[in-house]
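Worksheet for the structure shown next.
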Amino acid sequence: MKARLRALIEEALRRAVAEGELPEGEFPPVALEYPPEERFGDYATNLALVLAPRFKLPPREVATRLLKHLEGDDFLARVEVAGPGFVNFFLKD
């Protein structure tokens, strides 16, 4: 599941760059973690926090722009931006 979710995020990042929402550049690997509490979803990434300094944008803005390009999420119940810029993923049952 992590590989599938990671690929979905990487594709959203490519789309955001292609549409001019985010600048081009080399990107770090997408890190996915299990959130400390169930209410924060099934998986979370801090990618927006990592990319924000490179893009000279607030982390929440990076996360929001990234999520606009998230497609093919048939296995996701919902995705949300939380805290300073974490992205939380909730899987369908």
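FYI, the numbering just counts along the sequence from 1.
Formation of a donor-acceptor pair under 3.5 Å by the Arg54 side chain with backbone atoms of Glu26 is found in this model.
Taking the side chain as every heavy atom from C-beta outward, Thr45 and Val50 never approach each other to under 4.5 Å. Under the 4.5 Å side-chain criterion, counting only non-hydrogen atoms from C-beta, Pro84 is in contact with Leu49. Looking only at side-chain heavy atoms (C-beta outward), Asp42 and Tyr34 stay at 4.5 Å or farther from each other. Side-chain atoms of Leu51 and Pro28, non-hydrogen and from C-beta on, do get closer than 4.5 Å to each other. By the 4.5 Å heavy-atom criterion applied to side chains, Val87 and Tyr43 are not counted as neighbours. Between Phe75 and Met1, the closest side-chain pair of non-hydrogen atoms falls below 4.5 Å.
In this view, Lys2 satisfies the salt bridge (Lys or Arg N to Asp or Glu O under 4.0 Å) rule with no residue, not counting sequence neighbours. Applying the salt bridge (Lys or Arg N to Asp or Glu O under 4.0 Å) test to Arg60 and every residue at least two apart in sequence or in another chain returns nothing.
Shown here is Glu38, whose CD atom has no more than 12 heavy atoms of other residues, nucleotides or ligands within 6.0 Å. Around CZ of Phe86, the count of heavy atoms belonging to other residues, nucleotides or ligands within 6.0 Å does not exceed 12. More than 12 heavy-atom neighbours from other residues, nucleotides or ligands sit within 6.0 angstrom of NZ on Lys92. Under a cut-off of 6.0 angstrom, the local environment of CG in Asp93 is sparse, with at most 12 non-hydrogen atoms contributed by other residues, nucleotides or ligands.
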Next item on the list: Walk me through it: do Leu76 and Leu8 pass the test side-chain contact (heavy atoms from CB on, under 4.5 Å)?
Entry: CA-CA 11 Å; Leu76 295 173; Leu8 189 73; 3.8 Å; yes

